[in-house]
Amino acid sequence: MNKTLFTALCAAAMTMAAAPAHAIQSPEMAAASNTAFDRRAAQLIDLLTARIAFADYFDPSFQTAIPEAQFKAINTSLVAQYGQPLSVDKATTANGRAGTVLLRFEKGVATIALEVGPGTDARVTGLRITNFATANDSFDKVAAEIAALPGRTGFLVAELDGDAIEPLASAGADTQLAIGSTFKLYILDELAAQVAAGKRRWSDVVPLSHQSFSSAGTANWPKDTPVTLQSLANWMISVSDNSATDTLIHLLGREKIEARMRAAGHSAASRNIPFLTTVEAFALKGDNFAAERAAFIAGDDTAQRALINRNADRLILSNVDGVSFSGGPRFIDSLEWFASPNDIARAMIDLRARGSDTALAAMAINNGVGGAGPAEPWSYLGYKGGSELGVISMSLLGQRKSDGKWFVVTASWNNPDAAVATDTMVGLVTRLLALAAK
């Protein structure tokens, strides 16, 4: 998962199917139409009921970033989850160009950040949902929706009291599930441990030695570009940069990360031994290594490690055929990184016990759920997620403002038969986070 999903997905989530006939504009909005922002905010209901065309409402820059087809597709999922839009309850702006709109749906109220361009007839240049407060929500309601997802799921919302995990809500909390890039938490934990032991410093400069399919953080960077360990950690966690990840695995030592994972209390550590780099996983999932893949899946830890070592010069980026990134899910039950919700909670406990402000800061760069709304009840909110075809996993560590207590919110969804709906999981996890904040 390479971006703040809630913001990225909901930026385009406002083209709605026709609202019911009783959709209204509040008196406050009817009166407030003096600025470009006010006028566009007041027109939201017309936009949502298709009385204003997409191209007439949005600036060309927005249309380029978010095509109308994408806008409509995300809308379908949003309406399915929250019901039809009913009214614009309130709009607030300090400068007449940007501000906040409260938009009421059948099942709650969305907080929308709205921006307009210059000019008297300015069109909208930015629109994103920063929060959604679901009416009369409960852990039981969210749990039922998670249970209804196709495939296998598991989630946990728990207070972390020292080493103790005190569940508030859970289902399948001991189920081993593919977690995608969430495995990078174990690399961050081992890096922080080596720094704490005086073996390394966050400011150490190392070469970007191992290239993978990467994020914008290091995409197309020359091999062996010098970077600090803190930069590698920030990229690995905040944008899930795979070149940073593989560089750190080779630098820290595969076996040391495996030992850290076991020490953190992973209940089925063998599922992740040997601890694969991203390139190794991509290569083995592809058709260029079909024989090696079959042997790897059939082997025990020792045989798997021998296979990886024996093919070290072949399991490289240039030999990855790319089939892993197209079509449907591939081998997500047997060739992935795995953890249960309780395992992830124990990893969060271990990371927090490390006492590393730098490691926690890396997790807080991208909080996974977007703007001020979801994050507001939390004095700290850190995140790591992961995804591939058929897999999505989201995990948050938060300290609640009201009482200083620490919580973990984690959920994973695997479907070996079809791609999963990322926006659906984002909405469910955001609701779990909001319930934990109470």
Counting N and O atoms only, with roles assigned by atom type, does the side chain of [X] sit under 3.5 Å from a partner on the main chain of [Y], one being a donor and the other an acceptor?
| X | Y | value |
| --- | --- | --- |
| Asp287 | Ala290 | no |
| Trp413 | Ile146 | no |
| Arg123 | Tyr57 | no |
| Asn414 | Ala178 | yes |
| Ser238 | Asn234 | yes |
| Asn415 | Arg152 | no |
| Asp246 | Val279 | yes |
| Lys90 | Val101 | no |
| Ser393 | Thr182 | no |

Looking at every heavy atom in both [X] and [Y], which two are closest together, and how far apart are they?
| X | Y | answer |
| --- | --- | --- |
| Gln304 | Phe296 | NE2-O, 2.7 Å |
| Ala91 | Ala41 | CB-CB, 3.9 Å |
| Ala295 | Leu307 | CB-CD1, 3.7 Å |
| Ala339 | Ile344 | CB-CG1, 4.0 Å |
| Ala347 | Tyr186 | CB-CE2, 3.8 Å |
| Val205 | Pro226 | CG1-CB, 3.6 Å |

Is it the case that [X] and [Y] place a side-chain donor and acceptor less than 3.5 Å from each other?
| X | Y | value |
| --- | --- | --- |
| Asp343 | Ser340 | yes |
| Asn288 | Asn319 | no |
| Ser212 | Thr278 | yes |
| Asp59 | Ser61 | yes |
| Lys184 | Ser181 | yes |

Would you call [X] and [Y] a salt bridge, taking side-chain N to carboxylate O under 4.0 Å as the test?
| X | Y | answer |
| --- | --- | --- |
| Arg271 | Glu336 | no |
| Asp38 | Arg97 | no |
| Arg354 | Glu190 | no |

With sequence neighbours left out, which residue pairs that include part of [range] fulfil the ring-ring contact (aromatic ring centres under 6.0 Å, His included) condition?
| range | result |
| --- | --- |
| residues 236-263 | His210-His250 |
| residues 223-242 | Trp221-Trp235 |
| residues 418-438 | none |

Query raised in the report: For Ser395 and Met348, what are the C-alpha separation, side-chain angles and deciding distance, and is it a side chain to side chain contact (heavy atoms under 4.5 Å, CB included)?
Result: CA-CA 9 Å; Ser395 298; Met348 293 294 197; 3.9 Å; yes
4.5 Å side-chain heavy-atom contact, [X] and [Y]:
| X | Y | value |
| --- | --- | --- |
| Trp202 | Ser356 | yes |
| Leu232 | Met236 | no |
| Glu258 | Asn272 | no |
| Glu255 | Ile273 | no |
| Trp378 | Gln399 | no |
| Val369 | Leu381 | yes |
| Val426 | Thr430 | yes |
| Met363 | Lys384 | no |

Query - Derivation and outcome, side chain to side chain contact (heavy atoms under 4.5 Å, CB included), residues Ile187 and Leu252 - result: CA-CA 8 Å; Ile187 303 171; Leu252 301 175; 3.9 Å; yes
Query raised in the report: Does atom CG of Asp357 have more than 12 heavy-atom neighbours from other groups under 6.0 Å away?
Result: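 Incorrect, the count does not exceed 12.
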Show every donor-acceptor pair shorter than 3.5 Å between a side-chain atom in residues 110-118 and any protein atom, with sequence neighbours excluded, or say none if there are none.
none

Enumerate the residue pairs fulfilling salt bridge (charged side-chain N to carboxylate O under 4.0 Å, His left out) with a member in [range], sequence neighbours excluded, ordered by first and then second residue.
| range | answer |
| --- | --- |
| residues 192-214 | Arg201-Asp204 |
| residues 403-415 | Arg400-Asp403 |
| residues 289-304 | Glu292-Arg314 |
| residues 205-220 | none |

**Report entry** Those residues that, when tested against Phe183, pass ring-ring contact (aromatic ring centres under 6.0 Å, His included) (two or more places apart)
**Finding:**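 Listed in chain order: Phe275, Trp337.
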Report task. With sequence neighbours excluded, tell me which residues meet side chain to side chain contact (heavy atoms under 4.5 Å, CB included) with Gln211. Result ->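 For Gln211 the side chain to side chain contact (heavy atoms under 4.5 Å, CB included) partners, ignoring immediate neighbours, are Lys223, Ser243, Leu317.
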Query - Plane angle bin for Phe58 and Phe54 - parallel if under 30°, tilted between 30 and 60°, otherwise perpendicular - result: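 Rings of Phe54 and Phe58: tilted, as their planes differ by 30° to 60°.
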Query - Interatomic spacing from CG in Asp241 to OG1 in Thr245 - rounded to 0.5 Å - result: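 The distance works out to 6.5 Å.
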Query raised in the report: Does the side chain to side chain contact (heavy atoms under 4.5 Å, CB included) test come out yes or no for Leu127 and Ile66, once each step is laid out?
Result: CA-CA 10 Å; Leu127 186 156; Ile66 309 293; over 6 Å; no
Cut-off 3.5 Å, no hydrogens considered: what does the side-chain donor-acceptor table look like for residues 431-438, sequence neighbours left out?
residue, atom, partner, partner atom, Å
Arg431, NE, Asp137, OD2, 2.9
Arg431, NH1, Glu145, OE1, 2.9
Arg431, NH1, Glu145, OE2, 3.1
Arg431, NH2, Asp137, OD1, 2.8
Arg431, NH2, Glu145, OE2, 3.1

Report task. Go through Ser214 and Asn242 one step at a time and tell me if the side-chain hydrogen bond (donor to acceptor under 3.5 Å, both in side chains) criterion holds. Result -> CA-CA 5 Å; Ser214 204; Asn242 290 324; over 6 Å; no
**Report entry** Derivation and outcome, side chain to side chain contact (heavy atoms under 4.5 Å, CB included), residues Leu396 and Thr410
**Finding:** CA-CA 6 Å; Leu396 297 107; Thr410 179; over 6 Å; no
Only distances under 3.5 Å count here; give the side-chain donor-acceptor pairs of residues 153-173 to other protein atoms, sequence neighbours excluded, each with its distance to 0.1 Å.
none

